[in-house]
Amino acid sequence: MSFVDWFRKRLGGAGNGGSPSGDDGDSHGCESIPCMDALSKVHEYLDGELEGVSQEEVRRHFEICKKCYPHLKLEERFREVMLRVGAEEKAPDHLRLQVLELLAAESEKGG
Amino acid sequence: MDAVFRFALRLSGSKDLAEDLVQETFLRAYRSWDQYVPGTRCKSWLFTICRNVFLRQVERGKRHDEIVAENVEQGSAPFDVVNPVWVASVDVDPEGDFFGSIVDEEVLRRVRELPEEYRTAVVLSDLEGFSYQEIAEMTDVPVGTVKSRLFRGRRILQKALYEYALTMGYISPSGGGT
C-alpha cells in the first residue's frame, strides 16, 4: 500500500461517494472502518472469528453504512437457511442396532 | 450418533453410504479409543474419523488423474470482496430474502454438489457450528485454508442457490449479472 492509499484510508474516504463495489477504502463518510474492510470481514464477523478488528467496530460499520448493510443481511439470510437445513435429523433406529451389534462383536473378538 | 449420521449424510449424499460410513466410523473409534484425548470434544474426534473414512472411500473409487484435475480446478481464482450474488440481486432483493424461499432439499442438494474440501468446511461451520480452529484440526489444514474454503464454498453455494431461485421465479433478474 502506498502512502497516498494509506492516507486516504486514514481519512476514511471522506469526500468521495463511491460504492462498495467501487473504491477501495471508502467508508462513505461514516466514522468507522472502511467499507472494503468491513465487507472483507463479513464472514469472520458472523462467525465470531474476527482478528485485528473488534466485533463492535465491524458491527458499527454495518449499522451506519446504508450501502454495506444489505450485504450483511444477505449473508445473514444465507446463514439462517443453512442453520435451518442443518437442524435435527436422527440416525435410523436400525443403524443404532447395527452399530451396537458391530461393537459387541468387535468386543468379543478382542476377548 | 445423530450428529455423525448427519455429517456422513452431508458428505456422501446418500443414506445408504452414510449408514456404512457411520458403522465404519464407530468401529474405528472403538479400535482407536486409546488415541482419544480426554477433555477434547468427542464429536470432533468422531467427525475426523468419519471424514477420513469417507475420503479413503472416495479415493479408492477414483483414478489419480481425476483427483489431480479436481484439485487444480479448485485452485485460487480470485474472488471479489463484494458478493456477486448481491450485485446480481441488488435491484430486486438486496437483502437476500430469496434464500428463505428455497426448500431444504434443494439447499442440501447444492451442498452435496460442492467440491469435498468446501463441502466439509461449510457443513462443519454453518451446519454444525465448529470454530475455524476446530475445523483446521479436524481437516489437518491451517486456519487460513479453512477461512478460504469457507469463503469460496459459501460463494459457490450462494451463486447456485441464486440461480435456482431465478429458475424457480423466486426472484426476478435485475440485469446486474453475476
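Note that the coordinates shown come from a computational prediction; the quantities given were computed from them, not determined experimentally.
- With a 4.5 angstrom heavy-atom cutoff, B/Leu108 touches chain A only via side-chain atoms.
- Interface remark: of the candidates B/Phe26, B/Tyr132, B/Phe5, B/Tyr30, B/Tyr132 forms the most heavy-atom pairs closer than 4.5 Å to chain A.
- For B/Arg31, the part lying near chain A is the side chain, with the backbone staying farther off; criterion is any non-hydrogen pair under 4.5 Å.
- Residue B/Arg154 forms a side-chain contact (heavy atoms from CB on, under 4.5 Å) with just one option from B/Asn83, B/Asp126, B/Val85, and that option is B/Asp126.
- The part of B/Ile102 that comes within reach of chain A is its backbone (N, CA, C, O), which places non-hydrogen atoms under 4.5 angstrom from that chain.
- Interface remark: of the candidates A/Glu80, A/Glu76, A/Met82, A/Met82 forms the most heavy-atom pairs closer than 4.5 Å to chain B.
- Within a 6.0 Å sphere centred on OH of B/Tyr170, other residues, nucleotides and ligands contribute more than 12 heavy atoms.
- Using a 4.5 Å cut-off between heavy atoms, B/Ser131 contacts chain A through both its backbone and its side chain.
- Of the two parts of A/Glu51, only the side chain, counted from C-beta on, holds a non-hydrogen atom closer than 4.5 Å to a non-hydrogen atom of chain B.
- How far CD of A/Gln55 is from CG of A/Leu50: 4.5 Å, rounded to the nearest 0.5 Å.
- For a residue to count as touching a neighbouring chain, one of its non-hydrogen atoms must lie under 4.5 Å from one of that chain's; by this rule A/Arg79 touches chain B with the side chain only.
- Remark: A/Glu56 does not engage A/Arg60 in a salt bridge, criterion side-chain N to carboxylate O under 4.0 Å.
- For chain B, the nearby parts of A/Glu44 are the backbone and the side chain; heavy atoms of each come within less than 4.5 Å.
- Among B/Phe98, B/Phe99, B/Trp86, the single residue meeting the ring-ring contact (aromatic ring centres under 6.0 Å, His included) criterion with A/Phe78 is B/Phe99.
- Residue with the most contacts toward chain A among B/Val4, B/Val22, B/Asp93: B/Val22 (heavy-atom pairs, distance under 4.5 Å).
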